[in-house]
There are 2 protein chains.
Amino acid sequence: MQNNQNIKIAVDAVVFGYQDNALYILLIQQKYGPYKDQWVLPGGLVQNGETLTTAVHRELQEEAGIKVNYLEQLYTFGDDINRDQRNQVISVSYFALVNPENFKLSAATDAQDVKWQNISNTPTLPFDHNLIIDTAFKRLKAKLHYQPIGFDLLPKKFPFSDLEHLYTTILEQEIDRRNFRKKILSFDFIKKSNEKQKTGSGRPAQLFTFDTNKYKALEKNGIHFEIKFA
Amino acid sequence: MQNNQNIKIAVDAVVFGYQDNALYILLIQQKYGPYKDQWVLPGGLVQNGETLTTAVHRELQEEAGIKVNYLEQLYTFGDDINRDQRNQVISVSYFALVNPENFKLSAATDAQDVKWQNISNTPTLPFDHNLIIDTAFKRLKAKLHYQPIGFDLLPKKFPFSDLEHLYTTILEQEIDRRNFRKKILSFDFIKKSNEKQKTGSGRPAQLFTFDTNKYKALEKNGIHFEIKFA
DNA sequence: ACAAAAGTGTTGGAGCTACACCCATGT
DNA sequence: ACATGGGTGTAGCTCCAACACTTTTGT
């Protein structure tokens with residue numbers, strides 16, 4: 001096996017969080033090196049003897065103090081030889097979802113700070129991180145249509161209107177509230193809790209929970225989750 | 001940047017070919033090393049200064065003498081540390097389509113032989129290559145439903161029945177011939193050539209061609225290609 | 001004339017889209 | 001009493017699934 005290969009392998013993660021009717025991504029601020037003080041996606045080099053998945057979880061834990069609800073591989077970026085000025089680096093990127101309420105952010109190791117960045121005014125970032133974010137955002141939008149993935153961005157108990165807002169916010173489309181509710185409820189994987197939420201004004205909302213087990217059972221029998229819009 | 005990382009990066013490709021109503025994948029036989037004489041997916045280490053895409057094209061050219069019709073990144077396999085006994089290796093795998101009639105296979109460099117392997121009796125292969133093939137096969141099946149990708153497996157001019165057989169063979173499902181034809185023709189991206197094919201017995205078939213430009217134009221306006229079955 | 005593959009229309013029903021008013025609470 | 005957000009039903013239409021016979025050629 002040829003032994004002079006000098007290409008590094010990194011993992012990067014686009015972690016989405018949804019709060020107060022807006023979509024955010026997790027960014028960290030570099031503590032060392034030529035990119036010091038710049039905001040970038042959490043991630044870093046894979047360690048010897050470490051799996052890719054482990055590497056992502058480790059970096060998210062170290063740099064942001066976060067455990068994600070959902071994680072999947074996104075894409076491997078390696079067609080821009082000079083994406084990192086230090087060395088040829090290939091980035092295996094991941095796509096993750098989290099409910100920000102669950103965590104208090106905390107930066108450590110090579111991150112000096114962490115923050116939730118509103119995705120709609122993401123600044124220009126070093127490397128190809130804007131491209132990675134775009135790719136992840138497209139994936140998120142696509143997935144919302146055919147996989148019940150929105151629930152990983154919400155608290156365990158949520159009013160139905162939060163789900164509506166999540167869809168309209170992320171997809172930047174209006175939806176027909178009646179049809180949307182009918183559709184979601186028809187799948188039968190969310191159920192009413194017996195609590196209500198009081199929001200200050202307006203009629204109190206039923207709280208719902210997503211039933212993961214029910215969904216998995218249905219999935220085996222081949223349901224086809226698909227949301228279309230008016 | 002940490003400098004002791006000792007993980008290699010390889011690319012591997014699952015190249016599908018369709019001929020005589022059967023689906024094949026391309027395998028090469030190793031010429032050197034601990035896996036000598038074994039059949040594996042075409043691929044190899046990425047060279048310094050080379051992009052991932054270039055690496056795949058190069059390996060396919062070198063090891064099999066092939067240029068593919070369609071290529072997309074499939075998945076990056078790196079969660080099994082010991083997938084290669086020589087060293088920790090991460091495989092960025094690709095998914096490719098080709099019409100076998102266009103090529104005469106020719107093995108070179110580290111391949112001592114090449115062949116088209118019928119996918120339905122693929123033997124057990126070294127590394128995690130069976131897993132990679134499975135992943136690619138699932139992707140192929142899924143894509144057939146929502147992307148007009150079958151045409152990359154057929155010659156430029158083909159009788160409609162070849163497309164039918166391609167679908168039934170790959171998806172292992174019967175289709176309703178009338179509904180299928182109506183559906184495909186309704187998209188309006190394949191057109192009749194004025195040639196006919198004589199098969200020996202039976203009524204001669206119209207030959208069709210896939211109009212790539214027309215498809216791209218329609219795609220921009222947002223057509224939704226989707227094939228369902230009886 | 002018969003075997004083999006190509007070609008072709010219609011109908012019933014499921015599921016989607018479109019659409020607007022009443023309800024429960026706070027101020 | 002009014003403002004705010006939550007909750008609900010129906011009718012028309014579109015599009016899909018189901019279904020079988022005729023045409024063209026070779027032998």
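In this text the structure is predicted, and so the values were computed from the model without any measurement. Residue numbers start from 1 in every chain, and the chains themselves are labelled A, B, ... in the order their sequence lines are given, proteins ahead of strands.
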Enquirer: Would you kindly give the CD1-to-P distance between Ile184(A) and dC16(C), to the nearest whole Å?
Expert: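 Going from Ile184(A) (CD1) to dC16(C) (P), I get 12 Å.
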Enquirer: Can you work out whether Arg178(A) or Gly202(A) has the more 5'-proximal nearest nucleotide on DNA chain D?
Expert: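 Comparing both residues, the 5'-ward one is Gly202(A).
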Enquirer: What I want to find out is whether Lys141(B) reaches Glu172(B) closely enough, with some N-O distance under 4.0 Å, to be called a salt bridge.
Expert: yes
Enquirer: Can you say whether the rings of Phe189(A) and Phe210(A) are parallel (under 30°), tilted (30 to 60°) or perpendicular (over 60°)?
Expert: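 Phe189(A) and Phe210(A): perpendicular rings.
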Enquirer: dA5(C), OP1 or OP2 - any side-chain N/O from Ser161(B) closer than 4.0 Å?
Expert: no
Enquirer: Gln206(B) CD to dT24(D) P: how many Å, rounded?
Expert: 13 Å
Enquirer: Look at the side-chain N and O atoms of Arg203(B) and state whether any lies under 4.0 Å from the OP1 or OP2 oxygen of dA4(C).
Expert: no
Enquirer: Measure the distance from CD1 on Ile227(A) to C1' on dG15(C) and round it to the nearest whole Å.
Expert: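 Distance check: Ile227(A) CD1 to dG15(C) C1' gives 14 Å.
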Enquirer: Does OP1 or OP2 of dG26(D) have a side-chain N or O of Lys198(B) closer than 4.0 Å?
Expert: no
Enquirer: Once you round it to whole Å, what is the distance between C1' of dC15(D) and CD of Glu226(A)?
Expert: 14 Å
Enquirer: How many Å lie between CD on Gln197(B) and P on dT25(D), as a whole number?
Expert: 14 Å
Enquirer: State whether Glu72(B) and Arg139(B) are salt-bridged, where the test is any N-O pair (Lys NZ or Arg NE/NH1/NH2 against Asp/Glu carboxylate O) under 4.0 Å.
Expert: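 So Glu72(B) pairs with Arg139(B) through a salt bridge.
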Enquirer: I want to confirm an ordering. Mapping Leu185(A) and Ser201(A) to their closest nucleotides on DNA chain D, which one lands closer to the 5' end?
Expert: Ser201(A)
Enquirer: Which whole-number value in Å describes the distance from Phe160(B) CZ to dT24(D) P?
Expert: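 It is 20 Å, rounded to the nearest whole Å.
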Enquirer: Answer yes or no: does a side-chain N or O of Lys182(B) lie under 4.0 Å from OP1 or OP2 of dG9(C)?
Expert: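 Answer no for this pair, as no side-chain N or O of Lys182(B) is under 4.0 Å from OP1 or OP2.
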Enquirer: I want to verify a distance call: between dT17(C), dA18(D), dT24(D), whose nearest atom is closest to the Asn179(A) side chain?
Expert: dT17(C)
Enquirer: Do you see a donor-acceptor pair shorter than 3.5 Å between the side chains of Asn21(B) and Thr169(B)?
Expert: no
Enquirer: What about Arg177(A): does its side chain form a donor-acceptor pair under 3.5 Å with the base of dG7(D)?
Expert: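 When only heavy-atom distances are counted, Arg177(A) does reach the base of dG7(D) through a donor-acceptor pair under 3.5 Å.
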Enquirer: Would you say the side-chain atoms of Asn179(A) and Lys182(A) include a donor-acceptor pair closer than 3.5 Å?
Expert: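 Lys182(A) and Asn179(A) do have a side-chain donor-acceptor pair below 3.5 Å.
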Enquirer: In terms of side-chain heavy atoms of Lys192(B), which of dC19(D), dT8(C), dG7(D) is nearest?
Expert: dT8(C)
Enquirer: Between C1' on dC19(D) and CZ on Phe180(B), what's the gap in Å once rounded to a whole number?
Expert: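 Between C1' of dC19(D) and CZ of Phe180(B): 18 Å.
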Enquirer: Rounded to the Å, how far apart are Glu164(B) CD and dT8(C) P?
Expert: 12 Å
